[in-house]
Amino acid sequence: MFLVWSCKPKQNMIYMSNHNFEQEVSQARYEGLRIQEGDVLEVVVTALDDLAVKPFNKTTMQQTGEEGRGGGMRLGNNEYQITSEGYMVFPVLGNIYCKGMTKQQLKAELDDRLKQYLTDPVVTIRHINFNISVLGDVGSPGQKSSPTEKLNILQALALAGDMRDSADRTRVKLIRYSEESGKDITYSLDLSEAAIVNSPYYYLQQNDILYVEPDRNKQIAANTTNPNRALFLQIMGVVIGLVTFVIAIAK
């Protein structure tokens with residue numbers, strides 16, 4: 001029995017392995033990102049009148065060497081950093097409160113204000129610093145930058161080199177800052193269930209942290225003076241079992 005147990009394959013190694021995979025995935029929904037303080041947005045304004053639109057774009061304004069507040073980072077062309085109070089300082093329009101907005105909501109706000117100065121303005125917004133952190137039992141832990149804002153958990157793990165075989169796919173922790181509580185909240189996710197795609201945490205937000213726990217065997221091995229102790233005990237158990245079986249047969 002000990003031999004059979006020691007050779008038993010590890011469970012929950014497959015992502016989303018239940019039988020309702022197709023049904024669950026078809027119900028996945030992406031609700032978009034919410035703008036947070038410290039975010040850097042690229043905002044470009046175009047209109048029919050090229051001359052009239054110049055004051056609303058940094059590339060066509062006199063360069064002032066503006067730096068992002070708080071973080072000390074130098075901003076590129078048409079980039080704006082959201083202040084700790086939740087404002088974006090925009091040319092001509094002044095302070096625009098956008099913390100908690102989606103990009104679509106901010107675009108609508110800018111469109112309404114720009115119509116006072118421009119005919120048929122077009123606003124394009126792009127997130128510049130979409131970063132997440134992946135830690136724990138993965139191939140390449142660390143902070144990762146995503147080229148797209150629509151990033152789900154599986155894509156984030158791919159950026160980190162995927163989980164190792166020793167990772168516990170049933171207990172992946174997501175740490176996310178909550179505006180309501182004003183602190184980080186930790187959620188436990190089971191990636192072996194296809195229902196994960198219906199979770200409100202399936203799609204990540206900027207500055208999310210994923211922590212992948214190692215399985216119990218790896219934790220035990222890490223907490224012993226001899227990393228091969230667990231394997232040694234298993235082998236000894238098999239040997240003792242075989243000796244006992246031979247003695248019993250001999251009698």
Which distance, rounded to the nearest 0.5 Å, do you find between the CZ of R164 and the CG of D215?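 Interatomic distance, R164 CZ to D215 CG, rounded to 0.5 Å: 12.0 Å.
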In Å, rounded to the nearest 0.5 Å, how long is the span from CG of D208 to OH of Y201?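 Here the rounded value is 10.5 Å.
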Do we see a donor-acceptor contact under 3.5 Å between the side chains of D137 and S166?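 Indeed, the side chains of D137 and S166 share at least one donor-acceptor pair under 3.5 Å.
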Flag the pair K115 and D111 as a salt bridge only when some basic side-chain nitrogen lies within less than 4.0 angstrom of an acidic carboxylate oxygen.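 No.
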Might you point out which heavy atoms bring L118 and A52 nearest each other, and give the distance in Å?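 Looking at all heavy atoms of both residues, the shortest contact is CD2-O, 3.4 Å.
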Do [X] and [Y] sit in one hydrophobic cluster, given that two such residues count as connected whenever their side-chain heavy atoms are within less than 4.5 Å of each other, even indirectly?
X    : Y    : answer
V53  : V122 : no
Y202 : L191 : yes
I82  : L93  : yes
L154 : Y211 : no

Classify the ring geometry of Y97 against Y87: parallel below 30°, tilted from 30° to 60°, perpendicular beyond 60°.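 The rings of Y97 and Y87 stand perpendicular, inter-plane angle above 60°.
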Hey, which of I249, I247, V243 is the one that makes side-chain contact (heavy atoms from CB on, under 4.5 Å) with F245?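 For F245, the side-chain contact (heavy atoms from CB on, under 4.5 Å) test succeeds with only one of I249, I247, V243, which is I249.
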Before giving the answer on side-chain contact (heavy atoms from CB on, under 4.5 Å), spell out for T83 and N95 the whole-Å C-alpha distance, their side-chain angles and the decisive distance to 0.1 Å. CA-CA 10 Å; T83 68; N95 291 341; over 6 Å; no
Is [X] reaching over with its side chain to a backbone N or O of [Y], donor-acceptor style, under 3.5 angstrom?
X    : Y    : answer
D168 : E213 : no
N78  : K58  : yes
N129 : G38  : yes
N57  : T59  : no

Determine whether Y177 and N207 satisfy the following criterion, side-chain contact (heavy atoms from CB on, under 4.5 Å), listing intermediate values before the conclusion. CA-CA 8 Å; Y177 180 77; N207 304 317; over 6 Å; no
Donor-acceptor pairs under 3.5 angstrom involving side-chain atoms of residues 138-149: please list them, not counting sequence neighbours.
from: S140; atom 1: OG; to: K144; atom 2: NZ; distance (Å): 3.1
from: K144; atom 1: NZ; to: S140; atom 2: O; distance (Å): 2.9
from: S145; atom 1: OG; to: N131; atom 2: OD1; distance (Å): 2.7
from: S146; atom 1: OG; to: T148; atom 2: N; distance (Å): 3.1
from: S146; atom 1: OG; to: T148; atom 2: O; distance (Å): 2.5
from: T148; atom 1: OG1; to: K150; atom 2: N; distance (Å): 3.3
from: E149; atom 1: OE1; to: K103; atom 2: NZ; distance (Å): 3.0
from: E149; atom 1: OE2; to: K103; atom 2: NZ; distance (Å): 3.2
from: E149; atom 1: OE2; to: H127; atom 2: N; distance (Å): 2.9

Considering only heavy atoms from C-beta outward, does the side chain of I196 approach that of D190 to under 4.5 Å?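 A side-chain contact is absent here, since even the closest heavy-atom pair is not under 4.5 Å.
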